[in-house]
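In what follows, every chain begins at residue 1, and chains take the letters A, B, ... in the order their sequences are listed.
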Amino acid sequence: MPEMNIVQAVNSALDIMLERDPDVIFFGEDAGYFGGVFRTSDGLQEKHGKHRVFDTPLSEGGIAAIAFGMGINGLRPVAEIQFADYIFPAYDQIVNEIAKVRHRSGGEFWCPLTIRTPAGGGIRGGHHHSQSPESQFTHTSGINVVYTSTPYNSKGLLISAIESNDPVVVFEPKRCYRGPFYGDPHNVPTWKDHPEAEVPEAHYTVPLGKARLAMEGTECTVISWGAMVHVSEQAIKNCGISCDLIDLQTLVPWDKDAIIKSIEKTGRCVIVHEAPKTSGFGAEMAASVQERCFYHLEAPIERVTGWDTPFPHTTEWDYMPSPARIADAIMKTMEE
Amino acid sequence: MPEMNIVQAVNSALDIMLERDPDVIFFGEDAGYFGGVFRTSDGLQEKHGKHRVFDTPLSEGGIAAIAFGMGINGLRPVAEIQFADYIFPAYDQIVNEIAKVRHRSGGEFWCPLTIRTPAGGGIRGGHHHSQSPESQFTHTSGINVVYTSTPYNSKGLLISAIESNDPVVVFEPKRCYRGPFYGDPHNVPTWKDHPEAEVPEAHYTVPLGKARLAMEGTECTVISWGAMVHVSEQAIKNCGISCDLIDLQTLVPWDKDAIIKSIEKTGRCVIVHEAPKTSGFGAEMAASVQERCFYHLEAPIERVTGWDTPFPHTTEWDYMPSPARIADAIMKTMEE
Amino acid sequence: MAAKKKKQVTLHVPSAPFRPGDKASFALFENEPGDLPRPNPIKCTASETTDHAYGLVRVLDFDGNASGPWDPKLTPDELREGLEHMVRMRIFDDRMMKMQRTGKLSFYMRSFGEEAVAIAQTMALENQDWIFPTYRQPGAQFVRGRDMVSMINHCIGNVEDNVKGRQMPVHYTYRDGRFISVSSPVGTQFSQAVGVAMASQYKALDECCITWIGDGSSAEGDYHYALNFASVFKPPVILNIVNNQWAISTHANLASGNPTFAARGLAYNVPSMRVDGNDFLALYAVTKWARQRAAAGEGATHIEVLTYRAGAHSSSDDPSRYRPGDEHEAWPGGDPVDRLVQHLVAIGEWSEKQQKELEERVDGEVMAAYKEAVTYGDLANGPYPSADTIFTEVYEEVPWHLQEQWDEMKKWSVD
Amino acid sequence: MAAKKKKQVTLHVPSAPFRPGDKASFALFENEPGDLPRPNPIKCTASETTDHAYGLVRVLDFDGNASGPWDPKLTPDELREGLEHMVRMRIFDDRMMKMQRTGKLSFYMRSFGEEAVAIAQTMALENQDWIFPTYRQPGAQFVRGRDMVSMINHCIGNVEDNVKGRQMPVHYTYRDGRFISVSSPVGTQFSQAVGVAMASQYKALDECCITWIGDGSSAEGDYHYALNFASVFKPPVILNIVNNQWAISTHANLASGNPTFAARGLAYNVPSMRVDGNDFLALYAVTKWARQRAAAGEGATHIEVLTYRAGAHSSSDDPSRYRPGDEHEAWPGGDPVDRLVQHLVAIGEWSEKQQKELEERVDGEVMAAYKEAVTYGDLANGPYPSADTIFTEVYEEVPWHLQEQWDEMKKWSVD
Ligand SMILES: Cc1ncc(C[n+]2csc(CCOP(=O)(O)OP(=O)(O)O)c2C)c(N)n1
Ligand SMILES: Cc1ncc(C[n+]2csc(CCOP(=O)(O)OP(=O)(O)O)c2C)c(N)n1
Ligand SMILES: [Mg+2]
Ligand SMILES: [Mg+2]
């Protein structure tokens with residue numbers, strides 16, 4: 001099976017969907033001729049034509065708005081937001097319009113839109129090229145929220161998102177585009193030989209709403225998504241505790257069964273994300289887990305997250321959850 | 001002491017601050033000549049002049065942007081967003097700019113801005129005049145988030161917000177503007193004779209970051225904010241359980257001491273808000289309470305919230321937490 | 001480095017021309033019918049429309065005579081059809097407003113004084129064209145044949161409401177008539193309409209999309225997105241800005257310092273017209289011209305529809321608090337219904353008597369529709385759509401967490 | 001109701017005029033120095049600037065001669081000062097770029113080819129005026145006297161960085177020079193600057209605010225907010241749009257379908273100018289004119305600065321992937337440094353030798369500043385500002401939850 005990094009996997013998903021469905025259309029800032037600042041759409045304009053893969057004016061609000069219009073008029077638009085930090089000018093269109101049109105119109109109009117955007121830190125991007133704003137999309141019903149972590153799920157989830165008749169916002173961990181990230185900035189591996197980098201060339205899906213069990217264990221459940229899945233993996237290895245590592249993949253709707261099953265087994269839970277703590281999606285996870293598994297819990301649910309501050313530039317390694325911090329949280333749940 | 005409803009209390013706070021501080025300036029859509037669609041700035045343009053209280057173009061993004069500029073250039077702007085549902089075009093300016101300017105500039109620039117906006121349901125506003133988007137502002141550090149519930153705290157918190165050198169977003173429960181709301185749409189009381197409607201004419205503050213103990217009890221802690229405080233009060237009365245009712249007042253930073261103290265006493269917790277459940281601020285409250293008070297908890301923390309759907313029009317009473325639903329949740333925590 | 005105080009003091013904030021107590025008086029329209037040429041819609045450049053963007057396209061003079069190159073030469077039957085739709089709109093609005101006062105609706109917004117806008121413009125289009133309205137263009141639905149009972153069902157939120165009581169009154173959806181769902185956040189439809197048109201263009205269909213925005217709402221970012229994306233991608237879209245002088249209590253001079261709203265389109269290289277919005281014929285003609293451009297692949301047209309909001313903003317406000325009670329009378333554009341009647345009479349195709357009969361007939365129809373609609377319930381008395389509708393059509397299928405909450409809701413439903 | 005297929009097929013998407021492999025060739029500038037009058041800045045209406053908005057204000061011809069009503073008549077000393085700042089900017093940029101390649105900075109953006117913009121325009125202002133830049137106007141800081149060591153400290157994120165390593169390089173803050181903090185989200189400063197100016201106006205101070213936005217970024221909503229609020233409230237603000245032809249890989253013809261960017265200002269009733277951005281004298285003159293308008297309470301001026309982004313967008317991209325490698329050479333506006341040198345030589349106030357000496361001296365100063373700065377650390381080797389700076393100045397005071405996290409962080413700090 002071919003090996004792909006996430007950039008290639010995303011490119012392959014777009015390519016396949018453009019090929020299969022004439023209603024699929026892809027656009028964004030620098031996403032056409034140039035193939036995107038991260039090269040995720042490299043070669044696609046040349047292959048599929050300028051009317052199907054194109055650059056837009058530099059206007060995230062406008063991008064979301066025209067995507068809305070295309071979606072309700074029968075296309076299946078896929079829009080790129082160059083950095084997740086720049087999605088906010090489109091926030092109104094997403095939460096007030098795109099998310100609500102099916103409902104408000106009594107089902108007469110709907111918008112099968114996919115928005116994909118590189119998110120997260122670790123590339124020295126400072127506070128406006130590092131944010132991980134997934135939780136700010138999870139409070140609004142009518143949209144699904146996805147956060148990928150590997151080449152395999154980046155392709156499979158993106159295809160599912162494009163095929164879904166509901167709007168989906170897909171966050172991709174830009175730090176992992178070309179290799180997994182294990183929390184050590186000086187160690188820059190590629191995806192080579194990583195099992196999740198074996199990506200079929202052909203069409204396949206990873207279903208929305210289903211988590212991935214990245215590691216299996218018995219003592220503690222670690223729930224994570226995006227780049228932090230790999231950092232958590234490292235932490236689990238370092239501390240030597242037998243853990244389930246759940247890569248959530250889809251945040252809305254999240255995989256209740258997978259989580260309950262695991263917590264009922266382990267009785268302990270650590271949630272890891274790089275976004276700030278307060279009202280991060282870890283809050284929802286913790287609130288839900290204690291609601292549903294209260295009598296199985298042996299210890300407080302721990303959250304290991306970015307701090308409640310803007311994302312720093314020079315000191316980003318002090319900001320992002322490290323294997324040491326995660327391992328410490330796992331050990332802490334074990335003490336009880 | 002004079003009796004005021006929330007509209008009058010807000011008006012009084014604005015009036016006093018315009019009087020005391022020449023750097024205070026107030027503006028918004030229809031907020032000048034007309035005095036606001038809810039009449040909260042009635043008479044203030046006439047009294048303080050058109051250059052201090054004025055209408056703006058219909059552009060929430062522009063309002064936030066000019067407020068930013070005024071704030072960093074020495075004024076103390078107070079901006080009204082006509083309905084909280086319409087704050088999203090300003091979301092980028094708020095979360096990426098206003099919240100971060102002090103930090104990003106190494107403290108050389110800051111923005112002592114207050115944004116106040118009527119929020120919440122119960123006025124048959126459908127899904128775009130009823131939302132309660134407070135949690136979408138709690139994930140971003142650099143701003144404080146306030147949700148008022150009574151005439152007394154609406155005035156005192158607004159004055160604190162205006163006097164704060166940090167940006168503050170103040171949500172006001174529009175359903176309670178002219179009277180408290182006890183969950184029965186057919187019962188429309190005014191604020192007359194309500195103790196929290198006794199509002200001094202003069203300047204006073206309710207400090208940011210401090211909760212209000214609205215009812216005192218021993219068996220269960222109910223945490224709420226906005227209009228739901230009154231509905232919770234009704235629920236507590238109906239079910240006859242002795243409860244602490246904590247009116248959170250400030251969501252960021254929330255009053256840790258008040259909450260821990262109460263939960264350590266009662267061992268039970270119910271959180272009530274009208275925003276959707278998933279990633280509502282109740283999630284943060286539940287996650288934090290179990291983190292900090294795990295060994296005091298006798299039962300799972302319950303959340304009673306709006307549903308994860310758009311806010312409906314005709315069936316809004318089936319959407320908003322009712323006294324019955326809240327009472328049921330309290331009883332449920334008692335069963336354990 | 002600190003700057004010195006200047007003598008001249010403080011912020012410039014424009015005042016409305018007239019406030020309660022003032023005597024309103026408007027400048028007369030500068031252009032007469034026939035003043036402005038009708039450029040060839042195909043290959044017309046933006047700069048060729050400069051006079052149109054700063055002037056005013058008219059067909060009807062104030063004596064009811066039609067003239068000039070913009071006269072669309074409608075047949076008397078077509079004119080009578082337009083008149084009937086306008087009369088129906090006005091009577092319908094009045095009936096709804098009365099129902100609102102009795103609590104049968106939560107809220108209402110009339111098209112009063114602006115009836116010609118949606119009706120003339122929709123009549124100028126083809127049936128396959130998309131309509132993306134604000135709350136002041138419900139009249140388009142009459143043109144597309146929507147049953148009044150169904151419209152009332154929506155407004156009174158009864159069990160037959162096609163949007164299931166989810167939206168406030170006047171927020172219609174009517175897919176069969178290609179009338180896209182009205183949304184409360186102002187401005188959003190304007191930029192979305194460009195996407196609708198881009199999809200039509202992508203599919204190479206002979207369709208266009210028409211949309212409107214208010215003078216006030218044109219200050220939103222969506223206005224800029226719409227014009228700018230339209231200027232780049234040249235999709236078949238007709239971008240109307242309805243300048244009815246007011247945005248709730250805020251006068252159009254606070255919406256923008258621009259000389260005319262139409263002129264803004266020129267700067268985006270989009271041919272732009274200003275049209276008398278109470279002149280049925282001029283509105284029809286300009287829209288037809290824009291539709292020809294769209295069909296020929298020439299892209300967008302920007303149209304400022306100059307009119308006056310004759311009534312309150314909505315059932316929630318009292319305009320005498322912020323504008324002279326008789327300001328409407330001073331408006332030089334008159335009333336769109338009266339002006340079309342005057343024209344039909346002038347050409348010998350209508351009479352006062354016929355007008356009276358028409359009004360009576362339509363009133364009867366509206367009454368009948370109303371009576372039928374209330375048999376399906378109303379907001380004051382129910383029945384409403386079941387509370388189950390809170391959970392459906394949020395997503396294509398109900399996800400587990402909504403199902404769980406739905407089950408919970410059922411325990412408590414106040415239905 | 002479904003529409004029929006049209007023959008002509010599909011979406012219109014503009015192409016860049018030239019892509020790699022193409023031979024770039026630009027139309028020559030249409031206006032010569034002297035072509036456009038200099039209207040009285042006080043009471044100048046927007047329409048009086050129509051020719052300026054569609055044309056191009058120039059002072060320097062391509063032989064280095066200054067002429068016409070826009071000649072600001074700067075003294076040779078002033079010209080030499082401007083030249084020195086521009087030379088410093090270029091050498092500084094080159095040094096930083098080299099440091100970036102060695103990892104001492106994470107990222108860099110040059111002003112290459114656009115040095116005149118910030119420098120001439122800031123020189124035309126008063127010291128109390130506010131500067132609200134993008135990442136392509138760092139040169140304003142030289143005019144305001146900022147120490148290069150301090151600028152480099154910021155770029156290399158060492159312990160002396162005044163913004164404490166929080167922002168990416170080039171995102172300067174310099175309050176003493178009234179240079180407001182640069183922010184990454186493009187466009188936001190444009191509308192904010194209107195608020196800055198409104199505050200100056202409110203306080204009746206003799207101050208204005210100057211700001212810039214890129215051709216690409218002018219598609220953001222903030223562009224519309226800025227122009228529109230400025231047109232209504234008439235604050236003392238100078239709104240520049242730097243049209244350097246490119247937004248990363250996207251050509252300006254995709255930024256907007258408008259004929260000139262300046263012309264958009266006319267539609268907001270704001271006097272608007274298009275100016276040769278590589279002509280130091282023209283830039284200076286137009287800015288001075290705008291400043292006079294601001295001081296007189298006449299409100300905003302909109303200026304399109306026509307230039308060419310001679311280098312890469314940033315250290316992260318390779319422009320030869322999306323435009324001809326020699327496109328820059330074909331740009332008719334030439335190079336701003338060369339053109340000012342040519343002028344100074346032409347008037348007998350400068351020589352090649354002096355230029356060489358200047359470059360050597362400045363190179364030495366930059367080198368010295370660089371050497372000093374790295375003694376305080378750099379991104380590759382540290383020391384950085386302590387991780388404690390993550391928690392400070394988020395709020396005026398550290399709230400309890402940040403304090404708690406700060407304490408937690410200290411346990412783990414990788415410092
Ligand atoms: C984004 C947003 N902000 C504010 C409002 C509240 N609002 C509803 S209509 C209106 C005035 C609109 O005026 P205009 O655009 O001129 O349209 P008109 O009502 O005159 O047709 C306002 C402020 C809203 N619906 N949406
Ligand atoms: C809101 C936002 N969207 C996208 C970006 C990414 N980005 C940074 S610079 C740039 C291009 C800007 O082009 P232009 O405005 O022409 O300015 P120039 O770089 O040419 O000076 C883009 C897309 C951003 N910084 N902010
Ligand atoms: Mg209006
Ligand atoms: Mg550019």
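With a 4.5 Å cut-off on non-hydrogen atoms, A/Q45 does not touch chain D at all. Neither the backbone nor the side chain of D/V163 comes within contact range of chain A; no heavy atom of the residue lies under 4.5 Å from a heavy atom of that chain. Of the two parts of D/V13, the backbone and the side chain both hold a non-hydrogen atom closer than 4.5 Å to a non-hydrogen atom of chain A. Contact of A/D85 with chain D is not made at all, since no heavy-atom distance falls under 4.5 Å. When heavy atoms are compared at a cutoff of 4.5 Å, A/I123 does not approach chain D at all. Using a 4.5 Å cut-off between heavy atoms, D/L254 contacts chain A through both its backbone and its side chain. Residue A/E316: no heavy atom, backbone or side chain, is found under 4.5 Å from chain D.
Donor-acceptor pairing under 3.5 Å is lacking for the side chains of A/T278 and D/H401.
For the pair D/D317/A/V37, no side-chain contact is recorded, criterion being any heavy-atom separation below 4.5 Å from C-beta on. In this structure, D/P385 and A/T314 have side chains that are in contact, with non-hydrogen atoms separated by less than 4.5 Å. Taking the side chain as every heavy atom from C-beta outward, A/Y86 and D/S184 approach each other to under 4.5 Å. Side-chain contact between A/H127 and D/H171 is absent, with no heavy atoms from C-beta onward closer than 4.5 Å.
Using cut-offs of 30° and 60° for the angle between ring planes, the A/H129 and D/F107 rings count as tilted.
Taking CZ from D/F391 and CH2 from A/W307, the interatomic distance works out to 5.5 Å, rounded to the nearest 0.5 Å.
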